[in-house]
J.: 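Mind looking over this structure? Questions follow.
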Amino acid sequence: MEEKKIIFSGIKPSGNLTLGSYLGALKNWVDLSDEYNCYYCIVDMHAITVRQDAAQLRRRTLEQLAQYIACGLDPAKNTIFIQSHVPAHAELSWVLSCYTMFGELSRMTQFKDKSAKNADNINAGLFTYPVLMAADILLYQADLVPVGEDQKQHVEITRDIAHRFNSVYGEVFTMPEPFIPKVGARIMSLSDPDSKMSKSEQGGMGCICLMDSPEDIMRRFKRAVTDSDSCVRYDPENKKGVSNLMAIYSAASGKNFAEIEAEFDGKGYGDFKTAVGESVVELLRPIREKAEDLLKNKDYLVQIYRDGAETAAKAAARTLRKVYKKVGFVER
Ligand code: AQP
């Protein structure tokens with residue numbers, strides 16, 4: 001029997017998971033989990049590149065695990081684990097940082113964005129973030145990395161690092177490919193359709209979290225920024241707000257853009273926003289309820305992340321051993 005191809009992906013517990021995290025990442029993770037051997041991680045080490053409150057980070061990490069499972073990730077089929085539980089991530093990251101150029105890290109869009117937003121804490125970790133991400137992916141010899149559009153550049157630098165290492169030492173790392181969903185790859189803020197819906201920018205009217213109440217979700221959709229021409233038409237250049245709502249509606253309802261345009265032909269934005277809001281409420285309701293249930297059973301969650309770390313550590317150790325040997329470290 002042919003061996004299953006490997007997937008790695010992760011999300012930082014830097015805020016509560018959003019509709020963007022779900023449509024851009026988690027939904028696809030679930031779809032891919034039958035066909036691939038999947039490693040799905042909670043990347044807590046990435047989260048501390050921006051200052052976090054320790055108690056909140058710990059709480060969010062567990063909540064995120066519950067939400068992964070509630071979104072449909074079956075722990076029996078997928079390796080679900082916490083990044084800091086597998087030390088090989090930090091170890092490989094150091095080695096790879098010696099094969100990554102200062103210039104290439106300086107070109108990363110996310111570094112530029114995050115350093116502008118955190119001007120008082122432009123730490124080295126924020127700068128070397130893509131190296132740790134490369135280590136995450138390459139440790140598991142991943143073939144595919146399902147991510148939203150915003151993370152494509154980080155998968156590309158991972159390929160460059162892998163290529164550089166392989167050209168010195170032979171085929172040590174599998175070349176990973178990004179896997180970007182057709183719909184939902186970049187969900188924008190409801191209050192500012194020019195910026196991405198982000199976990200770390202919660203609290204305003206622009207962000208929908210997986211655990212939000214139906215009332216909050218409806219209120220935010222009803223206030224979503226659109227435009228003044230009252231026509232539901234997909235035009236991401238000129239009608240950013242409406243096109244974002246259409247992408248959300250399409251992902252939540254399964255309808256394509258032509259069907260959505262026909263459905264709201266001659267109707268105002270009020271009806272449209274209500275329909276989008278209701279479809280998201282129904283999409284998220286079972287996820288929220290299941291996550292709330294799971295969070296009542298801490299022992300179960302602990303068992304899942306311990307088992308996950310054990311499986312992940314075995315796979316990671318194989319790659320790390322090979323890398324250490326190639327670069328010339330004496331065997332323990
Ligand atoms: N708005 C989005 N639309 C589509 N996909 C998205 N993703 C995140 N936001 C959207 C995808 O979800 C995964 C989460 O990655 P992450 O948490 O490690 O990094 P991120 O992209 O930096 O996520 P956030 O929510 O913006 O977090 P903060 O605010 O902490 O930086 C990735 O696959 C991402 O593409």
Side-chain angles (χ1 to χ4, degrees), residues 7-32 38-53 56-57 60-61 63-65 67-68 71 73 82-83 89 108-118 121 125-126 129-130 132-137 142 144-156 158 176-204 206-210 220 224 236 240 243-245 247-248 250-252 280:
I7 280 189
F8 176 91
S9 201
I11 301 181
K12 311 190 280 283
S14 48
N16 299 319
L17 293 183
T18 70
L19 186 61
S21 338
Y22 180 67
L23 296 179
L26 277 162
K27 188 167 179 280
N28 304 297
W29 295 8
V30 176
D31 294 342
L32 294 163
C38 301
Y39 293 86
Y40 291 132
C41 191
I42 298 170
V43 286
D44 52 349
M45 289 159 69
H46 282 282
I48 63 162
T49 51
V50 170
R51 206 63 82 225
Q52 303 290 338
D53 174 85
Q56 265 195 35
L57 180 61
R60 270 199 236 108
T61 302
E63 284 175 1
Q64 193 164 307
L65 173 64
Q67 288 166 27
Y68 277 13
C71 284
L73 286 184
I82 299 171
Q83 186 184 28
H89 289 250
M108 293 294 112
T109 323
Q110 185 170 308
F111 172 67
K112 291 184 205 161
D113 288 353
K114 295 264 172 199
S115 28
K117 283 184 195 151
N118 301 281
N121 182 25
L126 200 58
Y129 182 112
L132 179 58
M133 181 159 159
D136 299 339
I137 296 167
L144 218 59
V145 187
V147 283
E149 188 70 45
D150 58 315
Q151 289 289 343
K152 193 170 161 216
Q153 201 184 24
H154 287 163
V155 182
E156 276 159 10
T158 299
E177 298 278 349
F179 178 86
I180 296 170
K182 287 195 190 71
V183 181
R186 194 165 164 80
I187 301 297
M188 309 308 280
S189 157
L190 301 188
S191 55
D192 172 13
D194 282 312
S195 52
K196 194 183 80 147
M197 185 184 286
S198 267
K199 271 185 263 92
S200 55
E201 279 154 48
Q202 291 167 0
C207 184
I208 303 287
C209 294
L210 300 191
R220 288 186 194 148
K240 286 190 181 155
S243 302
N244 185 42
L245 292 176
I248 294 172
S250 172
V280 171

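Atoms within each ligand, like the ligands themselves, are counted from 1 in listed order. Every heavy atom of this structure was used, including side-chain atoms; hydrogens, water molecules and symmetry mates were not. Along the sequence shown, the residues carry numbers beginning at 1.
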J.: Do the side chains of K199 and I11 get nearer than 4.5 Å, heavy atoms only?
T.: yes
J.: Calculate, to the nearest 0.5 Å, the distance between atoms OG1 and CD belonging to T158 and E177 respectively.
T.: 12.0 Å
J.: Got a donor-acceptor contact below 3.5 angstrom from the N244 side chain to the M188 backbone?
T.: yes
J.: Using a 4.0 Å cutoff against the non-hydrogen atoms of S14, which atoms of ligand 1 qualify?
T.: 27 (O), 28 (P), 30 (O)
J.: Can you list the atoms of ligand 1 that are under 4.0 Å from a heavy atom of K114?
T.: 28 (P), 29 (O), 30 (O), 31 (O)
J.: Please could you name the atoms of ligand 1 that G148 approaches to less than 4.0 Å, counting only its heavy atoms?
T.: 5 (N), 33 (O), 34 (C), 35 (O)
J.: Look only at interatomic distance and state if E149 has a nitrogen or oxygen under 3.5 Å from any nitrogen or oxygen of ligand 1.
T.: no
J.: Touching ligand 1 at all, M188? Heavy atoms, strictly under 4.0 Å?
T.: no
J.: Select one of side chain, backbone, both or neither to describe which atoms of S198 lie under 4.0 Å from any atom of ligand 1, heavy atoms only.
T.: both
J.: Heavy-atom count check: over 12 atoms from other residues, nucleotides or ligands less than 6.0 Å from I48 CD1?
T.: no
J.: Kindly say whether C41 contributes a backbone atom to a donor-acceptor pair with the side chain of Y68 at under 3.5 angstrom?
T.: yes
J.: Which is it for K199 and ligand 1 at heavy atoms under 4.0 Å: side chain, backbone, both or neither?
T.: both
J.: Are L23 and ligand 1 in contact, using a heavy-atom cut-off of under 4.0 Å?
T.: no
J.: Determine whether the side chains of Q110 and D150 contain a donor N or O and an acceptor N or O closer than 3.5 Å.
T.: no
J.: Decide whether an N or O pair under 3.5 Å exists between P146 and ligand 1.
T.: no
J.: Is the backbone N or O of C207 less than 3.5 Å from a side-chain atom of R220, with the two atoms forming a donor-acceptor pair by type?
T.: yes
J.: Can you tell me which portion of H46 lies within the under-4.0 Å heavy-atom range of ligand 1? Options are side chain, backbone, both, or neither.
T.: neither
J.: Would you check if the side chain of Q67 reaches a backbone N or O of L210 as a donor-acceptor pair within less than 3.5 Å?
T.: no
J.: May I ask which of K12, H154, K152 has a heavy atom nearer to atom 19 (O) of ligand 1 than the others do?
T.: K12
J.: Regarding ligand 1, does S21 bring an N or O atom to under 3.5 Å of one of the ligand's N or O atoms?
T.: no
J.: Between the side chain of S189 and the main-chain N/O of S195, is any donor-acceptor distance below 3.5 Å?
T.: no
J.: Indicate yes or no: does an N/O atom of I11 lie under 3.5 Å from an N/O atom of ligand 1?
T.: no
J.: Would you mind listing which atoms of ligand 1 come within a distance below 4.0 Å of any non-hydrogen atom of A25?
T.: 12 (O), 13 (C), 33 (O)
J.: Which option wins on minimum heavy-atom distance to atom 7 (N) of ligand 1: G20, P178, C41?
T.: G20
J.: Give a yes/no on ligand 1: does D150 have at least one heavy atom closer than 4.0 angstrom to it?
T.: yes
J.: Just distances here: any N/O of V147 and N/O of ligand 1 closer than 3.5 Å?
T.: no
J.: Could you go through W29 and C38, starting from their C-alpha distance and side-chain angles, then the distance that decides it, and tell me whether this counts as side-chain contact (heavy atoms from CB on, under 4.5 Å)?
T.: CA-CA 8 Å; W29 295 8; C38 301; over 6 Å; no
J.: How far apart are the C-alpha atoms of L126 and N121, what are their side-chain angles, what is the distance that settles it, and do they pass the side-chain contact (heavy atoms from CB on, under 4.5 Å) test?
T.: CA-CA 9 Å; L126 200 58; N121 182 25; over 6 Å; no
